[in-house]
Amino acid sequence: MDERTIRKILAEPPLGEELAVHGWLRTIRHSGGLSFLAVNDGSSPAGLQVVCEQSLPGYDHLVKQLATGCALRCRGTLVESPARGQDVELRASAIELLGGADAATYPLQKKRHSFEFLRTIPHLRPRTNALAAVARIRSCLSFAIHAFFRERDFIHVHTPLITTSDCEGAGEMFTVTALEPEQLGGKNPFAADFFGRRAGLTVSGQLQAEIYALALGRVYTFGPTFRAENSNTSRHLAEFWMVEPEMAFCDLACDMAVAEDLLRTLVGRVLDECGDDIDLFDRFIDRGLRQRLEAVRVTPFARISYSEAVQTLEGSGRSFQFPVSWGMDLQAEHERFLCEEVAGGPLIVTDYPRQIKPFYMRQNDDGRTVAAMDILVPGVGELVGGSQREERYDLLRTRMEEAGLDLDAYSWYLDLRRYGSAPHAGFGLGFERLVQFVTGMANIRDVIPFPRTPGSAPC
RNA sequence: UCCUCGGUAGCUCAGCUGGUAGAGCAGGUGGCUGUUAACCACCCUGUCGGGGGUUCGAGUCCCUCCCGAGGAGCCA
């Protein structure tokens with residue numbers, strides 16, 4: 001692994017040097033006795049042009065075998081390119097075919113494919129420009145998230161994937177069981193199960209993150225979450241990744257400030273580190289993407305309370321499919337109008353009616369709203385949902401009773417308010433929605449390597 | 001889960017009021033000493049999603065099932 005990646009070679013071209021490059025052939029063009037290979041090794045959207053002359057050892061035999069998709073080792077000298085289209089190219093002295101790809105059956109072609117088709121070949125689609133760029137941006141964002149929190153003294157906590165406590169209002173859980181299907185009948189089959197009670201895959205790490213926030217101050221968790229909801233949209237997955245900071249001694253204003261800082265920092269990081277990939281999305285997927293991201297980087301987010309939002313919608317003169325009134329949840333059309341037409345960019349909506357929000361959100365002094373906030377972004381909708389948590393024992397207990405929760409099962413959660421309770425707040429950021437926002441990709445199934453949706457988990 | 005629109009060649013699609021399927025790209029063969037979605041010539045490609053029905057005759061009309069997409073709900 002001592003060879004330089006193509007990304008490194010293109011960034012600082014070692015002109016005149018002998019190089020060895022590994023990669024996959026994207027296209028091959030013959031012109032008389034010359035062959036031009038576009039070789040890509042995954043390190044950058046740009047590939048390296050490798051030029052083969054007829055004098056190359058084994059040229060006639062070799063060129064017949066080379067086709068889109070084959071794996072190659074190319075040796076040669078890096079030279080300035082005499083033709084337009086690239087600055088440098090590799091003048092080949094030896095080409096070694098490591099793994100062939102039969103052109104007649106290989107599903108990927110030089111031309112563009114629909115994302116819908118690519119979803120049918122999840123084992124091959126990362127070899128396309130767009131899916132490879134998504135993978136690089138995911139990786140960049142993932143590292144940037146850890147860097148952001150680390151720089152601010154947050155502790156990364158690994159919350160459990162298997163859990164026995166549901167986070168109320170967060171959708172349906174996948175059951176985790178060691179029982180055989182035929183053992184699942186009867187009144188309480190899980191008493192004989194691995195954990196002695198019903199367990200499931202986590203729908204959120206929030207409640208466990210709160211435990212650690214009330215011990216370590218600032219924590220975050222970043223991992224997969226699972227929802228067994230039968231939702232079939234371009235913004236939902238059954239398995240998705242979520243970033244969930246939880247901060248003690250932090251109120252709603254602090255919560256919003258951290259979330260906004262995080263988003264704008266991440267966008268800046270991607271612009272700095274994945275500029276070539278962003279250009280690819282800007283050109284082929286979402287025109288104007290780069291400009292929008294540059295604006296997000298430097299412009300503070302607009303803010304509006306739920307009550308102001310309802311007034312704005314009522315006074316807009318628009319006719320909505322769902323009429324607006326105080327107390328109802330904002331519909332997708334309302335969020336889109338507020339975010340895309342009123343704010344023209346990311347928008348934070350705060351202080352929702354308490355009856356439409358979960359039990360753990362902190363009640364405001366007006367008695368009818370809670371200290372909640374959602375961040376809406378154009379094209380994606382809700383990217384972040386967060387709140388200040390109810391730290392007052394009596395108020396929390398009352399709300400849990402109202403919600404019909406089993407207080408025994410959540411006694412540990414109440415204990416956090418009985419011993420050393422402190423104001424605290426947190427939020428959840430949908431990682432795939434962030435990748436959608438940053439890449440302009442229309443469908444969430446194309447911003448995660450292996451999308452899990454109702455009826456679909458192919459490999 | 002509901003609503004809407006789709007499923008025709010390897011891919012992207014066309015196919016009219018029913019008459020027996022065709023373009024581009026990909027692939028193959030040949031040509032071209034600087035190509036860039038290369039180009040030029042020729043050639044090949046089909047259980048029209050599955051099943052049932054109407055009809056002399058169905059890609060086209062009807063029923064049904066499966067799959068996909070968009071939107072809604074729910075949410076991140």
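FYI, side chains are in, hydrogens and waters are out, and symmetry mates aren't considered; it's all heavy atoms of this structure. Letters go in sequence order (proteins before strands), and every chain restarts at 1.
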Lys/Arg-Asp/Glu bridge criterion (N-O < 4.0 Å) met for A/D282, A/R290: no

A/R125/A/D446 ion pair, N-O < 4.0 Å: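 Salt bridge between A/R125 and A/D446, a charged N being under 4.0 Å from a carboxylate O: yes.
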
Rounded to whole Å, how long is the line connecting atom [atom1] of [X] with atom [atom2] of [N]?
| X | N | atom1 | atom2 | result |
| --- | --- | --- | --- | --- |
| A/Q86 | B/G34 | CD | P | 14 Å |
| A/E432 | B/C75 | CD | P | 19 Å |
| A/E116 | B/G6 | CD | C1' | 9 Å |
| A/N230 | B/C3 | CG | P | 14 Å |
| A/D102 | B/G27 | CG | P | 11 Å |

Please report, to 0.1 Å, the donor-acceptor pairs under 3.5 Å made by any side chain of residues 154-161 of chain A, with sequence neighbours excluded.
residue : atom : partner : partner atom : Å
A/T159  : OG1  : A/T221  : OG1          : 2.9

When you check the phosphate oxygens OP1 and OP2 of [N], does a side-chain N or O of [X] lie under 4.0 Å from one of them?
| X | N | result |
| --- | --- | --- |
| A/R336 | B/A72 | yes |
| A/R29 | B/C32 | no |
| A/Q331 | B/G73 | yes |

Same-atom distance (P) from B/C25 to B/U47, integer angstrom: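 Rounded to whole Å, the distance is 22 Å.
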
Atom C1', compared across B/C48 and B/G59: separation rounded to whole Å: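 It comes out at 5 Å once rounded to the nearest Å.
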
Looking at every strand, decide which applies to [X] at a 4.0 Å heavy-atom threshold: base, sugar-phosphate, or nothing.
| X | result |
| --- | --- |
| A/S234 | sugar-phosphate |
| A/N232 | base |
| A/V380 | nothing |
| A/Q109 | base |
| A/T68 | nothing |
| A/R445 | sugar-phosphate |
| A/P82 | base |
| A/L434 | nothing |
| A/A67 | nothing |

Of A/P107 and A/Q321, the one whose closest RNA chain B nucleotide lies more 5':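 With A/P107 and A/Q321 compared, the 5'-side residue is A/P107.
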
pi-stack flag for A/F240 and B/A76, centroid dist under 5.5 Å, interplanar under 30°: yes

Polar side-chain contact [X]-[N] base: donor and acceptor under 3.5 Å:
| X | N | value |
| --- | --- | --- |
| A/E89 | B/G34 | yes |
| A/R112 | B/C25 | no |
| A/H236 | B/C75 | yes |
| A/Q49 | B/U35 | yes |

Paired and unpaired positions of RNA chain B as dot-bracket, Watson-Crick or G-U wobble under 3.5 Å, | denoting a partner strand: (((((((..((((.....[..)))).(((((.......))))).....(((((..]....))))))))))))....

Residue from A/V258, A/V296, A/V384 passing side-chain contact (heavy atoms from CB on, under 4.5 Å) with A/L263: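 By the side-chain contact (heavy atoms from CB on, under 4.5 Å) criterion, A/L263 pairs with just one of A/V258, A/V296, A/V384: A/V384.
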
Distance-only polar pair, side chains of A/S35 and A/Y59, donor-acceptor under 3.5 Å: yes

A/S142 side chain to A/R138 backbone, donor-acceptor under 3.5 Å: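 Not at all, since once roles are kept as given, no pair shorter than 3.5 Å links the two residues.
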
Near-ring test A/H334/A/F322, centroid separation under 6.0 angstrom: no

Polar atoms only, N or O, under 3.5 Å: list the protein pairs with nucleotides 41-44 of chain B and their distances.
none

